[in-house]
Amino acid sequence: MQDQYRTVARAGVHEIEINKSRFLCALAPAATEEEAQAFIARVRKEHPTARHHCFAYVLGADGSVQKASDDGEPGGTAGVPMLQMLVRREVRYVVAVVTRYFGGVKLGAGGLIRAYGGAVGEALDVLGTVTRRRFRLATVAVDHQRAGKLENDLRATGRAVREVSYGADVRIEVGLPEAEVEGFRAWLADTTAGTAGLELGGEAYGDA
């Protein structure tokens with residue numbers, strides 16, 4: 001797994017106008033191709049009268065899945081420049097749909113390439129990106145008496161607390177960079193006087 005990747009901070013839409021044509025770039029995070037396709041379908045439904053809904057998406061922390069569509073624009077003038085912009089900006093797990101309302105003025109191949117790629121680039125600038133890092137999931141089991149203070153200590157030291165569940169004991173799931181696991185084990189033992197248990201789980205990505 002990659003140690004980290006960048007993705008769009010939030011879903012949103014950014015519009016530009018070029019020679020009376022409107023280009024609406026909708027961006028959203030997408031974990032799977034199914035999510036990406038569902039987002040594309042939703043945008044199409046929201047703009048039934050638009051002439052083109054070109055799209056591109058990049059999935060996988062290493063960008064292993066890449067798809068693009070010109071949706072009726074001349075070949076290579078829409079989906080590909082959109083995809084190239086996503087790849088150049090090194091964003092992953094993201095889908096972009098550019099909806100075009102034709103304004104009556106033809107832009108030519110070069111104009112289309114600049115418009116579609118530019119719409120994606122501007123949308124990324126407006127919506128922003130976040131970096132997500134790879135974490136080792138770890139579950140801390142502690143008695144109810146110590147749980148509140150321990151949770152506060154975890155947050156105060158910048159640990160990524162993901163979930164807290166209450167049962168016979170309190171279980172707190174945290175995300176740890178792999179290099180910090182042993183140091184965390186020692187810190188936990190010291191902080192709880194050796195009363196807390198630690199179970200290591202799989203790996204996931206979280207905000208850096």
Side-chain angles (χ1 to χ4, degrees), residues 1-14 25-36 38-39 56-66 85-96 120-208:
M1 292 172 74
Q2 301 275 113
D3 279 340
Q4 62 183 42
Y5 67 88
R6 186 183 302 136
T7 191
V8 64
R10 59 188 173 89
V13 181
H14 176 69
C25 179
L27 278 178
T32 64
E33 287 206 66
E34 288 75 20
E35 280 187 25
F39 179 75
Y57 54 81
V58 181
L59 306 177
D62 57 355
S64 57
V65 177
Q66 301 182 7
M85 182 61 71
L86 295 176
V87 171
R88 189 156 70 239
R89 293 291 191 92
E90 298 181 339
V91 286
R92 307 288 186 257
Y93 290 109
V94 63
V95 54
V120 173
E122 284 193 26
L124 286 170
D125 290 339
V126 170
L127 297 173
T129 59
V130 293
T131 298
R132 298 177 70 77
R133 285 175 54 197
R134 181 163 59 101
F135 289 107
R136 185 74 179 271
L137 298 178
T139 302
V140 176
V142 66
D143 61 60
H144 288 260
Q145 193 175 346
R146 296 178 190 266
K149 182 179 183 307
L150 178 58
E151 185 180 346
N152 288 338
D153 288 346
L154 286 166
R155 295 186 189 278
T157 54
R159 310 291 181 184
V161 176
R162 298 168 62 91
E163 194 176 322
V164 182
S165 56
Y166 298 87
D169 54 13
V170 180
R171 300 176 74 80
I172 305 171
E173 186 181 81
V174 295
L176 301 170
E178 190 69 43
E180 294 179 18
V181 169
E182 291 311 311
F184 177 77
R185 194 189 295 276
W187 174 87
L188 183 65
D190 187 52
T191 302
T192 65
T195 60
L198 179 65
E199 299 171 14
L200 295 179
E203 294 180 325
Y205 286 98
D207 292 343

Taking only residues two or more places apart in sequence or in another chain, which ones pass side chain to side chain donor-acceptor pair (under 3.5 Å) with N152?
-> none
The salt bridge (charged side-chain N to carboxylate O under 4.0 Å, His left out) partners of E122 (sequence neighbours excluded) come to none
Residues that T7 engages under side chain to side chain contact (heavy atoms under 4.5 Å, CB included), provided they are two or more places apart | Y5, Y93, V94, V130, R132
Any L200 side-chain heavy atom under 4.5 Å of R185 side chain = yes
For residues Y57 and V65, determine if any side-chain heavy atom of one lies less than 4.5 Å from a side-chain heavy atom of the other.
-> yes
CD of E90 to CG of L124: how many Å apart, nearest 0.5 Å?
-> 12.0 Å
Taking every heavy atom of L59 against every heavy atom of A30, the minimum-distance pair comes out as CD2-O, 3.3 Å
Please table the atom pairs, donor to acceptor, closer than 3.5 Å between any side-chain atom in residues 158-170 and protein atoms at least two apart or in another chain.
| residue | atom | partner | partner atom | Å |
| --- | --- | --- | --- | --- |
| R159 | NH1 | E180 | OE1 | 3.3 |
| R162 | NE | E173 | OE1 | 3.3 |

Lys/Arg N to Asp/Glu carboxylate O, E178 vs R134, below 4.0 Å = no
Which residues share a side chain to side chain donor-acceptor pair (under 3.5 Å) with Q66, sequence neighbours left out | none
Separation between CG of L150 and CD1 of I172, rounded to the nearest 0.5 Å = 4.5 Å
Give the C-alpha distance, both sets of side-chain angles, the deciding distance and a yes or no for side-chain contact (heavy atoms from CB on, under 4.5 Å) between L127 and H14.
-> CA-CA 8 Å; L127 297 173; H14 176 69; 5.9 Å; no
Looking only at non-hydrogen atoms, find the nearest pair between L198 and A138 and report the distance.
-> CD1-CB, 3.8 Å
Which heavy atom in A96 sits nearest to a heavy atom in L27, and how many Å separate them?
-> CB-CD2, 3.4 Å
One should read off an interatomic distance between L176 CG and R133 CZ, to the nearest 0.5 angstrom, of 10.0 Å
Applying salt bridge (Lys or Arg N to Asp or Glu O under 4.0 Å), which residue pairs with at least one partner in residues 139-154 are found, sequence neighbours left out?
-> D143-R146, K149-D153, E151-R155
Any side-chain heavy-atom pair from V8 and V91 closer than 4.5 angstrom?
-> no
For G63 against V58, the heavy-atom pair lying closest together | CA-CG1, 3.7 Å
For residues A141 and R171, report the shortest heavy-atom separation together with the two atoms involved.
-> CB-NH1, 3.8 Å
